[in-house]
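One structure is given below, encoded as structure tokens.
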Amino acid sequence: MRIGVVADGEGGGWMQEFDGPGPVRRVDDLARAVGEAERDGPRWVWGATEDVYPAFLRAGVRLGRCHDTALTEALLLGREGRHGEPSSLGAAWARLHGLPVPEDPVHPLGKGVLAQPALFEADRSTLPPGTDRLAALAEVHADQERRLAALPAGMRLLAAVESAGALAAAEMGHDGLPWRPDVHDRILTEVLGPRPPAGQRPPVLAELAARIGEAVGREVNPDSPAQVLRAMAWIGHPVESTRAWVLERVDHPVVPLLLRYKELARLHSANGWAWLDTWVEEREGPGGLRLGRFHPDYVVGGVVSGRWATRGGGALQIPKAVRGAVRADPGWVLVRADAGQLEPRVLAAVSGDAALAAAAAEDDLYARLAARTGGDRERAKIGMLAAMYGQTGGVAAPLLAAMRRSFPRALEYVDAAARRGEEGGTVRSWLGRTSPVPQGWGAAVAGPDGERRRRAHGRFTRNFVVQATAAEWALVLLASLRRRLPPLPEGAGIVFFVHDEVVLHVPREDAARVVRAVAEAEEHTRTVLFGDTPVRFPLAVAVARDYASAQGPA
DNA sequence: TTCTCGAGCGCC
DNA sequence: AAAGGGCGCTCGAGAA
């Protein structure tokens with residue numbers, strides 16, 4: 001059963017069965033009505049999950065399945081070579097009617113914990129005022145179903161898991177990652193010294209800056225690449241940039257100071273006290289414990305490859321240094337599941353390379369690679385990454401040649417994708433997500449920089465076929481896992497997701513069942529995507545009180 | 001003063 | 001070792 005939903009922006013709305021003879025139902029309490037109808041397990045149809053689902057979550061209503069027309073429209077447009085065209089409900093409807101297509105609404109950038117959660121979401125459908133929004137939704141949905149039916153079955157699955165991902169993303173944003181402000185503060189203080197007044201350098205950074213000045217014989221702001229560049233020239237060690245790996249090659253006492261400064265300044269500016277103030281919502285726990293939540297604002301499908309992006313807060317770039325602050329509430333635990341070596345396993349599965357698949361049947365793929373190519377594990381890994389990323393020079397060259405000899409089919413798969421890209425063509429993920437052609441391709445490759453740009457785009461499409469398929473593996477896993485979780489108390493469940501790993505926050509007594517659900521989801525994901533492939537996608541599962549100690553070996 | 005851009009580096 | 005893919009975020013510098 002499919003039920004279309006439109007909110008009126010005041011807590012009520014309209015509902016209608018889309019695949020039955022159901023009449024339009026007007027309800028004053030939409031969350032409640034939706035929650036009741038959820039018992040029949042429908043697939044909810046709406047314009048944008050991020051516009052409607054958070055309000056349902058705030059009302060305590062969780063839903064199983066949906067069809068997000070904006071996300072689906074974007075997938076279909078991409079498939080038609082129309083990346084970047086507006087995909088909102090209003091845009092899709094306007095195209096159906098030959099009307100001017102409105103721009104997509106601009107989502108307000110992350111505002112942190114100070115932002116008031118809107119009581120009611122504004123209408124961001126971009127439908128013209130006065131349009132029958134439910135009828136428009138029905139039209140767009142029917143059109144999308146028709147277009148999907150004409151495509152390979154993978155696209156249907158892709159649309160379903162993209163939509164499921166949107167549900168999961170909203171739930172993670174709602175529940176939040178348990179984050180202990182006191183632990184974060186302790187970590188910062190240990191390496192930076194006590195918190196300074198706003199706008200000032202922490203003591204350790206101030207001291208490093210002073211010592212850098214002494215080492216070069218003049219005052220220099222280490223935060224300014226231009227000043228550092230001048231300072232290096234001044235002391236007789238000119239460098240082309242101030243990147244860490246460039247500075248590392250210079251033998252001068254100022255270098256270790258600069259490198260240390262960079263590292264700590266990064267921590268301070270990106271994930272220091274200001275970040276903590278802005279992004280971690282603090283609440284009082286039992287016994288005066290300072291508990292907190294970091295609410296990631298995921299952008300599903302925000303990357304062309306299908307990876308997610310985030311808006312504000314940098315949820316996908318939380319540095320390892322502060323992960324100790326991610327700590328389960330008393331009596332609860334974190335369950336972390338990490339897909340190791342996902343991308344080479346994906347390549348083994350999609351390319352059908354028997355030798356690589358045999359290696360990918362093992363827990364440590366790289367060790368098997370090394371045995372096969374006759375090198376050590378570390379070099380086998382570099383060779384594999386070079387194959388997937390398009391690196392050709394340096395130490396990678398001989399390793400790449402070894403890969404090509406041992407895994408010709410896998411290499412041919414990514415080489416073919418690279419050739420397509422260099423010719424200005426598109427490539428597709430396993431389920432059918434399509435790569436974009438850069439704006440102004442013809443002129444760009446005709447210009448003086450043309451050859452370089454061809455090669456760059458070839459590296460992009462080479463990587464796309466792997467990265468985009470890895471992203472959909474993760475989407476299927478997420479979708480599968482959230483449907484398999486045992487009943488859990490409010491606020492428990494999946495709380496974090498980063499490309500190839502997922503973290504759950506659950507009461508300790510539920511951990512064992514959750515771990516079993518993860519194992520089932522892993523098996524289901526492999527089968528749904530790749531059938532009876534010998535390739536395995538092992539998830540390393542750890543149950544721990546804090547995220548840092550749930551990190552597997554690197 | 002405000003905006004935009006590149007440099008640089010965090011994550012996968 | 002540095003002709004390696006994808007991002008987001010912060011800062012300084014220069015433009016407006």
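Just so we're clear, the structure is a prediction, and the values are computed from it rather than from any experiment. Keep in mind that the numbers below use all heavy atoms, side chains included, and drop hydrogens, waters and symmetry copies. Proteins get letters first, then strands, A, B, ... in listed order; numbering begins at 1 in each.
- Taking only side-chain nitrogens and oxygens, A:K320 never comes nearer than 4.0 Å to OP1 or OP2 of B:dC11.
- Salt-bridge annotation for A:R462 and A:D415: present, with a side-chain N of the basic residue lying under 4.0 Å from a carboxylate O of the acidic one.
- Nucleotides B:dC9 and C:dG4 are separated by 16 Å at their C1' atoms, to the nearest Å.
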Check your understanding: How would nucleotides 1-8 of chain C be written as a contact map, 5' to 3', with B for base contact, S for sugar-phosphate-only contact and - for no contact, using protein heavy atoms under 4.0 Å?
Key -> SB-BBBSB
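- By the 4.0 Å N-to-carboxylate-O rule, A:D500 lies too far from A:R345 to be salt-bridged with it.
- Residue-environment remark: CH2 (A:W234) stays at or below the threshold of 12 foreign heavy atoms within 6.0 Å.
- Note on A:L267: nothing from the nucleic acid sits closer than 4.0 angstrom, heavy atoms only.
- For the atom pair A:L75 CG and A:E80 CD, the distance stands at 11.0 Å (nearest 0.5 Å).
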Identify all pairs in which a protein N or O lies below 3.5 Å from an N or O of nucleotides 12-16 of chain C, and state each distance.
unit_1: C:dG12; atom_1: O3'; unit_2: A:S224; atom_2: OG; d: 3.2
unit_1: C:dA13; atom_1: OP1; unit_2: A:S224; atom_2: OG; d: 2.6

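- Rounded to an integer number of Å, the gap from A:L247 CG to B:dG8 P is 9 Å.
- Per the geometry, CG belonging to A:L258 stands 13 Å off C1' belonging to B:dG8, to the nearest Å.
- A salt bridge links A:E343 with A:R307; the closest basic N to acidic carboxylate O contact falls under 4.0 Å.
- Distance, A:L276 CG to C:dT10 C1': 17 Å, rounded to whole Å.
- The distance between atom CG of A:L264 and atom P of B:dG8, rounded to the nearest whole Å, is 18 Å.
- At most 12 heavy atoms of other shown residues, nucleotides or ligands fall within 6.0 angstrom of atom CZ in A:R409.
- Summarising the local packing, CZ of A:R211 is surrounded by 12 or fewer heavy atoms from other residues, nucleotides or ligands at distances under 6.0 Å.
- Rounded to an integer number of Å, the gap from CZ of A:F497 to P of B:dC11 is 18 Å.
- Residue A:Y298 contributes atom OH, which lies 12 Å from atom C1' of B:dC12 at whole-angstrom precision.
- Counting only residues at least two apart or in different chains, side-chain hydrogen bond (donor to acceptor under 3.5 Å, both in side chains) contacts with residues 161-179 of chain A comprise A:Y53-A:E171, A:R62-A:D175, A:E162-A:R433, A:E171-A:R482, A:W179-A:H184.
- Rounded to whole Å, the distance from CD on A:E263 to C1' on B:dG8 is 14 Å.
- Atom NZ of A:K381 and atom P of B:dC12 are 11 Å apart (whole Å).
- Annotation for A:E412: atom CD counts as buried by contact number, over 12 foreign heavy atoms lying within 6.0 Å.
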